[in-house]
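Below is one structure, written out as structure tokens; comments come after it.
All values below were derived from every heavy atom in this structure, side-chain atoms included, with hydrogens, water molecules and symmetry-related copies excluded.
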2 protein chains.
Amino acid sequence: MGNPTIYDVARVAGVATSTVSRVFGKPGRITDATRDRVLRAARELGYEPNPHARALTSNRTQTIAMVVSDITNPHFFELIRGAEMRAKAAAYTLVLVNAEESTRMELEQVRRLTRSVDGFLLAASRQPDDELAELAAAHPVVLINRRVPGIASAVLEPWEGCRQIVAHLASLGHTSLTYLAGPPNSWMAASRWTALRDAAAEAGMSAVRTGPYTPTVKSGGAAADAAIGTGATAFVAHNDLLAIGVLRRLADRSVRVPGDVSVVGFDDIFAADLCTPSLTTLGGAHSDVGRAAVEILLESLGHPRDHGATPEIVLPSQLVLRASTGPRTGPDDRPPAGPRQN
Amino acid sequence: MGNPTIYDVARVAGVATSTVSRVFGKPGRITDATRDRVLRAARELGYEPNPHARALTSNRTQTIAMVVSDITNPHFFELIRGAEMRAKAAAYTLVLVNAEESTRMELEQVRRLTRSVDGFLLAASRQPDDELAELAAAHPVVLINRRVPGIASAVLEPWEGCRQIVAHLASLGHTSLTYLAGPPNSWMAASRWTALRDAAAEAGMSAVRTGPYTPTVKSGGAAADAAIGTGATAFVAHNDLLAIGVLRRLADRSVRVPGDVSVVGFDDIFAADLCTPSLTTLGGAHSDVGRAAVEILLESLGHPRDHGATPEIVLPSQLVLRASTGPRTGPDDRPPAGPRQN
DNA sequence: CTGAAAGCGCTAACAA
DNA sequence: TTGTTAGCGCTTTCAG
């Protein structure tokens, strides 16, 4: 009654079950003639290998899990897409898992899946470093947009990108910027702030940070108010979602963008091009990051316990100039914290 | 070396393997005392059931697959989110599969996964009815945003929603509308057109259709041009992505919205509130649709081959009025096809 | 290159 | 309620 098995195929083809297994499992190691016989029989019977039976003995499941910190963040779309395509190309199934910005949930999901997948892609993980080290020691893991020494990773480069943001703002005459920080456990948030601060110092700009903020449109209101309070003329938000929220709040308060302040985001999500004004943002080929991450993971699945260097891929980011940044037109030289009248 | 198995647990707890199996599988049917002993032993050993071994004998995998026609369409985000949450609540894993708007790929993916999942959620499937019937006969299937007689489904109601769109436009003085159609195999596209046409007839409005168009921003250019050619004063686009593309093209051609024409979309995606002008669109609780679909699927997994009525859930849609619709201000009574001067 | 046979870890009758 | 015992469908030595 059930589905045909290798036994059925073996019988019809007149070979042993192990031969059938080999035809579907190993590339060479079989005569063309017998392979054809087996394949013909399989087709005839409508045979499909049972992945669970296969996994049970081989411990390979042909699936990988991608854990994202928040599935509703558009930033992940391209990432997911790239990973999905690469996985499919290698005949792997991609399981998407949502951590909903919760450290605990992220960990729970990983544990739940350890036996069902061959490896993990952890995107924007909020785990502490040592927890990640532990996970990486137990399973094949590739970090996305996060770096931890000794763990494979694929990231969109933030440092040079932030330098470009600062250079762009400086060239427009801005002398002060405020970074509206992302979640406290976000590696990207930390990296961006460090890079912005250093670049600002080099450029002779002052830089302060407010936050942290949940990277959502909703949080933009509070973020905008705090940013205004810093007196800076350029706001760099942790991501586009937050930046869009900031733009809204500024509009509500009749602060003109880029007339009064300039606003920059990160990620270059679809909506960055639609909001008013359209958003200057640091983007990049996110789908390539996803693709690269899968590639690294597949590589490590190929030869486990490889003691070579851990691959850490960095893909270039790209500053997309739009309408939310413009020349500084406010009072001259107002220091960010000083309430100097003008 | 390997992970602990029920044998290890059974030995440590001093019971039979089947007892261990029952503790993890069945709810009651076991003495509290022995259950405790088993659980303690399991914890001690760090035992985790092997899902593949379990699937091999029980034919239940605790995972369901959701196939979406295009993973990059923001419309699906909430749908996915709702489905994912409901699945997790039932200790099911949700596998996300991308069909990339390809009928063939959709089918391929389903075949590939038949053995690995307990059932399928097919969102906005592009398959012909009879193919779906065949799939549904072979596996538990729930359709999302598509209805086929005899197959379980969860949809966001289009009919009354379209009537509301027409009523809204009529109340603004519009007497003609053009529907910018979605993909030819889209059930939603067909339903929307039928509903719009009928509602328009009732309201004394003329309605024509152009297309089909791929529901993306990029297609909006051609769609807008075609729509302008129809002479209608109200454009109803198949979805928000297309509508946003239309808005852009209209802006490029200096057609004012809503001054010259009104534009309506479907889905109420995030970006609908950000574009300029913001988009009037027919939305709804998409996450509830996803949730409902999972619920139906789980239900059917509970008692397979249930010969009761096939559940067909319809969730209410909701017209969200924004800035892209306004009073008709063009020449009076210009029939859509008639070149009458004014 | 191919076959025989022993499991992989678990569930599900069937007994007790 | 608990134990015994076959397999589930496949991979993988080990022989031939």
Side-chain angles (χ1 to χ4, degrees), chain A residues 1-42 45-63 91 113-118 301, chain B residues 1-42 45-63 91 112-118 301 304:
Chain A
M1 45 133 284
N3 293 304
T5 72
I6 45 172
Y7 287 94
D8 303 316
V9 177
R11 184 159 27 74
V12 171
V15 298
T17 60
S18 47
T19 304
V20 178
S21 173
R22 284 189 195 101
V23 168
F24 285 92
K26 318 289 182 186
R29 291 230 167 275
I30 234 94
T31 307
D32 280 5
T34 59
R35 192 216 313 294
D36 284 354
R37 284 236 305 294
V38 170
L39 254 21
R40 196 187 326 287
L45 294 167
Y47 167 78
E48 288 283 346
N50 180 323
H52 299 295
R54 177 171 285 182
L56 190 52
T57 39
S58 66
N59 269 322
R60 277 175 285 102
T61 64
Q62 290 290 116
T63 83
L113 289 172
T114 45
R115 312 295 286 268
S116 334
V117 305
D118 292 342
L301 293 180
Chain B
M1 44 131 283
N3 293 304
T5 72
I6 45 172
Y7 287 94
D8 303 315
V9 177
R11 184 160 26 76
V12 170
V15 297
T17 60
S18 50
T19 303
V20 178
S21 173
R22 284 186 195 104
V23 168
F24 285 92
K26 317 289 181 186
R29 292 233 166 273
I30 234 96
T31 307
D32 281 4
T34 59
R35 191 217 313 294
D36 285 353
R37 284 234 307 292
V38 170
L39 253 22
R40 194 184 332 282
L45 295 166
Y47 167 79
E48 288 281 346
N50 181 322
H52 299 294
R54 180 173 281 182
L56 189 53
T57 39
S58 65
N59 269 321
R60 278 175 284 103
T61 63
Q62 291 289 114
T63 82
R112 217 171 89 56
L113 288 172
T114 45
R115 313 296 284 270
S116 333
V117 304
D118 292 341
L301 294 179

- Item | DNA chain D: 5'-proximal contact among G14(B) and L56(B) (nearest heavy atom) | G14(B)
- Message: Nearest whole Å is fine: how far is dA4(C) C1' from R11(A) CZ?
- Response: 17 Å
- Any residue meeting side-chain contact (heavy atoms from CB on, under 4.5 Å) with R40(A), in chain and number order, not counting sequence neighbours: D36(A)
- Scanning both residues in full, the closest heavy-atom pair of G14(A) with R37(A) reads O-NH2, 3.7 Å
- Message: Measuring from the side chain of I30(B) (C-beta onward, heavy atoms only), which nucleotide among dG3(D), dG9(D), dT2(D) has the closest atom?
- Response: dT2(D)
- Query: Of all residues at least two apart in sequence or in a different chain, which pass the side-chain contact (heavy atoms from CB on, under 4.5 Å) check with T57(B)?
  - Reply: none
- For R35(A) and dC1(C), give me the distance from atom CZ to atom P, rounded to whole Å. 10 Å
- Query: Does T5(B) have any side-chain contact (heavy atoms from CB on, under 4.5 Å) partners at least two apart in sequence or in another chain, and if so, which?
  - Reply: Y7(B), D8(B)
- Item | Under the ring-ring contact (aromatic ring centres under 6.0 Å, His included) test, residues paired with F24(B) that sit two or more places apart | Y47(B)
- Message: Show every salt bridge (charged side-chain N to carboxylate O under 4.0 Å, His left out) that has at least one partner inside residues 51-60 of chain B, sequence neighbours left out.
- Response: none
- Item | Sugar-phosphate or base contact per nucleotide [nucleotides 10-16 of chain C; S, B, -; heavy atom under 4.0 Å] | BBBB---
